[in-house]
Amino acid sequence: MEALQISQALFTSNPSKDSKFSKPHQRRRPNLCFFTPSLWNRRFEHGFVGARSVKRWVRQQSGSDEEKNDCKTVLAKEREVPFVGYRLESQDGKEETESCSLDTVIDEELEAENVGVGEEKAKAKVTYNIVVVTAEAAPYSKTGGLGDVCGSLPITLAERGHRVMVVSPRYLTGNPSEKIRNAVDTQCSAKVSCFGGTQDVTFYHEYRAGVDWVFVDHPSYQRSGSPYGNSVGAYGDNQFRFTLLCHAACEAPLVLPLGGVTYGEKCLFLANDWHAGLVPVLLAAKYRPHGVYKDARSIVVIHNLAHQGVEAAATYQNLGLPSEWYGALEWVFPTWSRTHALDTGEAVNILKSAIVTADRILTVSQGYSWEITTSEGGYGLHDLLSSRENVLNGITNGIDVAEWNPASDKHIPFHYSIEDLSGKVKCKEALQKELGLPIRPDVPIIGFIGRLDFQKGIDLIRAATPEIMQHDVQFIMLGSGDPHMEDWMRATESMYRDKFRGWVGFNVPISHRITAGCDILLMPSRFEPCGLNQLYAMRYGTIPVVHCTGGLRDTVVNFNPYAEGGKGEGTGWTFSPLTKESMLSALRLAIGTYREHKSSWEGLMKRGMERDYSWEHAAVQYEQIFEWVFVDPHYVR
């Protein structure tokens with residue numbers, strides 16, 4: 001019977017108790033999760049394929065109700081389960097357990113074909129198996145923008161029809177994330193030959209939001225501190241830790257039967273920053289010579305070129321690469337930067353190896369993709385990047401528009417929208433009250449959120465604070481970093497009790513409330529590959545004043561009050577060069593506009609709020625790069 005043959009192809013027999021994937025959650029296929037018109041997510045608990053797979057076969061093979069009923073009967077007999085148990089999981093996390101017949105499930109999905117079609121998100125024309133390799137991914141691990149990107153972009157790509165796996169370390173600090181604890185042991189392991197021995201790594205897995213979140217487990221990831229270091233400094237074995245990650249990420253698509261099916265060899269690897277920089281090299285040096293991954297492609301995504309994974313040349317032998325590939329990582333420091341006269345300056349540079357072996361190169365904004373080809377912004381790699389300019393692109397990051405939404409933000413006391421801005425003034429008053437500032441809705445509040453370090457231009461803020469405090473303004477800063485700058489914030493608060501507040505540390509709820517309550521956000525960064533705070537600010541009607549660099553230049557349009565017949569255009573102010581005087585000049589313009597030109601200020605707010613900052617917009621651009629990378633042959637053959 002043809003139907004029986006199809007059912008045998010769709011369904012596997014009941015696994016034995018000794019099977020590696022004998023537990024229901026380990027047998028689940030990727031297509032077991034789907035949305036019905038009621039927006040409930042059904043996850044079958046018995047390991048057979050979802051109704052969408054049955055529906056596709058039914059539509060292709062038969063047109064009559066009789067044939068469809070025959071198909072369902074055969075399928076039910078094959079499994080010997082007349083009723084299907086499934087879990088209903090709502091968007092707010094509540095769960096209910098119900099049972100229904102397989103007949104009912106298939107009929108519902110057949111009927112859903114013509115229901116709510118206009119409400120479904122757009123799908124990609126061509127879909128890919130995508131493996132995102134990263135040192136951090138929110139909400140599991142996050143220290144900055146890298147975690148945000150690798151926690152949000154994969155979900156959007158999955159919603160658009162791609163099969164997406166994210167591979168990151170399974171960090172277990174003194175207070176391990178509950179999210180990571182939800183991941184289950186796949187009972188799969190891999191042996192990695194590097195650093196003079198064989199390392200055993202295991203894989204944990206969680207299927208969430210349509211994405212396979214894979215965590216590489218090894219004792220080197222189980223320590224206190226951040227993913228990269230602790231209060232003493234960076235971990236001395238970071239090269240070892242992220243070499244393991246890269247080797248494990250290359251093995252994962254081959255050995256992990258996630259949902260019963262591996263990703264296989266035709267994958268697209270997105271290697272993020274130097275931590276994943278060995279992935280393109282491993283594909284070219286370790287796998288393709290043996291006929292593996294011959295149809296795979298790799299893209300290196302540069303979030304911050306300042307960090308390149310540079311170590312002594314002698315460490316090359318630890319990376320698990322053939323000796324003839326040393327040239328891909330070879331790096332020689334210029335004479336002026338060497339420690340002594342006998343220092344040859346020889347080193348290995350992991351990010352450089354990714355740049356010379358990846359099929360394409362991406363940065364997190366168009367402006368940054370140009371800056372890294374200049375001597376000022378290239379950190380010694382500008383000539384190499386210029387030589388590959390034809391495959392170098394920039395795509396501005398998106399933001400989580402559900403989390404960062406002033407109309408529904410759970411962290412702010414009052415909600416508002418572009419149609420009704422009254423809640424923003426209330427958020428401002430609530431912020432002043434919370435921080436002990438005089439409650440004055442008429443005074444402009446300037447905000448700063450970020451690390452207290454040289455890159456963020458904190459030294460300019462410190463130098464300009466006396467002049468800023470001469471204006472009738474309030475200034476709120478949130479951040480941590482340089483201990484001297486933290487002490488300066490505390491001292492400045494003591495000096496200007498009614499005008500300045502400095503919150504040392506980082507707090508997610510307060511960052512939302514500062515973004516909503518401030519009128520102006522100051523970002524004098526020396527360089528900013530993309531920047532997210534200015535995007536958050538504009539979405540909340542807070543006007544950014546930024547240094548004209550990188551992603552800040554791309555996303556903030558300088559205000560022109562005379563454009564559009566006097567209606568004005570722009571979403572904020574940009575300043576250049578990076579000097580105290582230039583920054584103060586831009587701030588004076590913003591403060592003056594706030595006080596004297598209310599209609600222009602409201603126009604600035606609304607133009608910022610109406611822009612599209614979603615990951616959906618960025619994902620479409622990523623898909624164009626995906627198309628190009630598979631059109632071209634391998635860069636390294």
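Ion pairing between a basic and an acidic side chain is recognised when a charged N comes within 4.0 Å of a carboxylate O; Lys606 and Glu602 show such pairing. Using a 4.0 Å cut-off between charged nitrogen and carboxylate oxygen, Arg595 and Asp472 count as a salt-bridge pair. Ionic pairing of Lys125 and Glu627 is not present here: no N-O contact between side-chain nitrogen and carboxylate oxygen is shorter than 4.0 angstrom. A salt bridge links Glu493 with Arg497: the closest approach of a Lys/Arg side-chain nitrogen to an acidic carboxylate oxygen falls below 4.0 angstrom.
Looking at heavy atoms from C-beta onward, Leu437 lies out of side-chain contact with Phe500 at the 4.5 angstrom threshold. By the 4.5 Å heavy-atom criterion applied to side chains, Leu460 and Leu578 are counted as neighbours. Looking at Thr363 and Val301, their side chains never come closer than 4.5 Å, going by heavy atoms from C-beta outward. Under the 4.5 Å side-chain criterion, counting only non-hydrogen atoms from C-beta, Leu270 is not in contact with Val133. You'll find the side chain of Ile514 stays beyond 4.5 Å of the side chain of Trp503, heavy atoms only. Annotation: side chain of Pro413 is in contact with side chain of Cys427 (closest heavy-atom distance under 4.5 Å). Looking at heavy atoms from C-beta onward, Asn129 lies out of side-chain contact with Leu268 at the 4.5 angstrom threshold. Contact check for Ile543 versus Asp519: no side-chain heavy atoms found under the 4.5 Å cut-off.
A search for salt bridge (charged side-chain N to carboxylate O under 4.0 Å, His left out) contacts involving Arg611 returns nothing, not counting sequence neighbours. Under the side-chain hydrogen bond (donor to acceptor under 3.5 Å, both in side chains) criterion, Arg607 pairs with no residue, sequence neighbours left out. Partners of Asn272 under the side-chain hydrogen bond (donor to acceptor under 3.5 Å, both in side chains) rule, at least two apart in sequence or in another chain, are His303. Annotation: ring pair (Phe, Tyr, Trp, His ring centres under 6.0 Å) contacts of His162 (sequence neighbours excluded): Tyr128. By the salt bridge (charged side-chain N to carboxylate O under 4.0 Å, His left out) test, Asp442 pairs with Arg440, sequence neighbours left out. The ring pair (Phe, Tyr, Trp, His ring centres under 6.0 Å) search around Trp601 returns Tyr594, not counting sequence neighbours. Tyr622 is linked by a ring pair (Phe, Tyr, Trp, His ring centres under 6.0 Å) to nothing, counting only residues two or more places apart in sequence or in another chain. Residues satisfying the salt bridge (charged side-chain N to carboxylate O under 4.0 Å, His left out) test with Glu486, not counting sequence neighbours, are none. By the ring pair (Phe, Tyr, Trp, His ring centres under 6.0 Å) test, Phe575 is found to be paired with His547, residues two or more places apart in sequence or in another chain being considered.
A cation-pi geometry, defined here as NZ or CZ lying under 6.0 Å from the six-membered ring centre and within 45° of its normal, does not hold between Arg539 and Tyr613.
A donor and an acceptor atom, one from each side chain of Thr396 and Gln366, are nowhere located under 3.5 Å apart. Checked by atom type, the side-chain pair Thr492/Trp488 shows a donor-acceptor distance below 3.5 Å. Side-chain contact of Thr542 with Lys424: a donor-acceptor pair under 3.5 Å is present, judged by distance alone. Checked by atom type, the side-chain pair Gln534/Thr555 shows a donor-acceptor distance below 3.5 Å.
Side-chain atoms of Arg501 come within 3.5 Å of backbone N or O of Gly436 as a donor-acceptor pair. At least one donor-acceptor pair under 3.5 Å links the side chain of Asn533 to the backbone N or O of Ile449. In this structure, the side chain of Thr571 engages the main chain of Val557 through a donor-acceptor pair within 3.5 Å. Using a distance-only test at 3.5 Å, with no hydrogens or angles considered, no donor-acceptor pair links the side chain of Asp482 to the main chain of Leu452. Within the 3.5 Å criterion, the main-chain N or O of Val443 finds a donor-acceptor partner in the side chain of Lys428. No donor-acceptor distance shorter than 3.5 angstrom exists from the side chain of Lys580 to the backbone of Asp459, with no hydrogens or angles considered.
Legend: ring-ring contact (aromatic ring centres under 6.0 Å, His included) pairs involving residues 404-438, not counting sequence neighbours, sorted by first then second residue: Trp404-His512, Trp404-Tyr536, Trp404-Tyr540, His411-His512. For residues 440-473, no pair satisfies ring-ring contact (aromatic ring centres under 6.0 Å, His included), with sequence neighbours left out. Applying the salt bridge (charged side-chain N to carboxylate O under 4.0 Å, His left out) test to residues at least two apart or on different chains, the pairs with a partner in residues 545-554 are Glu371-Arg553.
Ring geometry for Phe527 against Tyr379 counts as perpendicular: the plane angle is over 60°, on a 0 to 90° scale with 30° as the lower cut.
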*Go through Glu136 and His275 one step at a time and tell me if the side-chain contact (heavy atoms from CB on, under 4.5 Å) criterion holds.*
CA-CA 10 Å; Glu136 54 185 274; His275 321 99; 5.9 Å; no
*Checking side chain to side chain donor-acceptor pair (under 3.5 Å) for the pair Glu528/Thr549: CA distance, chi angles, key distance, verdict?*
CA-CA 6 Å; Glu528 196 67 69; Thr549 183; over 6 Å; no
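The heavy-atom pair separating Val149 from Pro154 by the smallest distance is O-CD, 3.6 Å.
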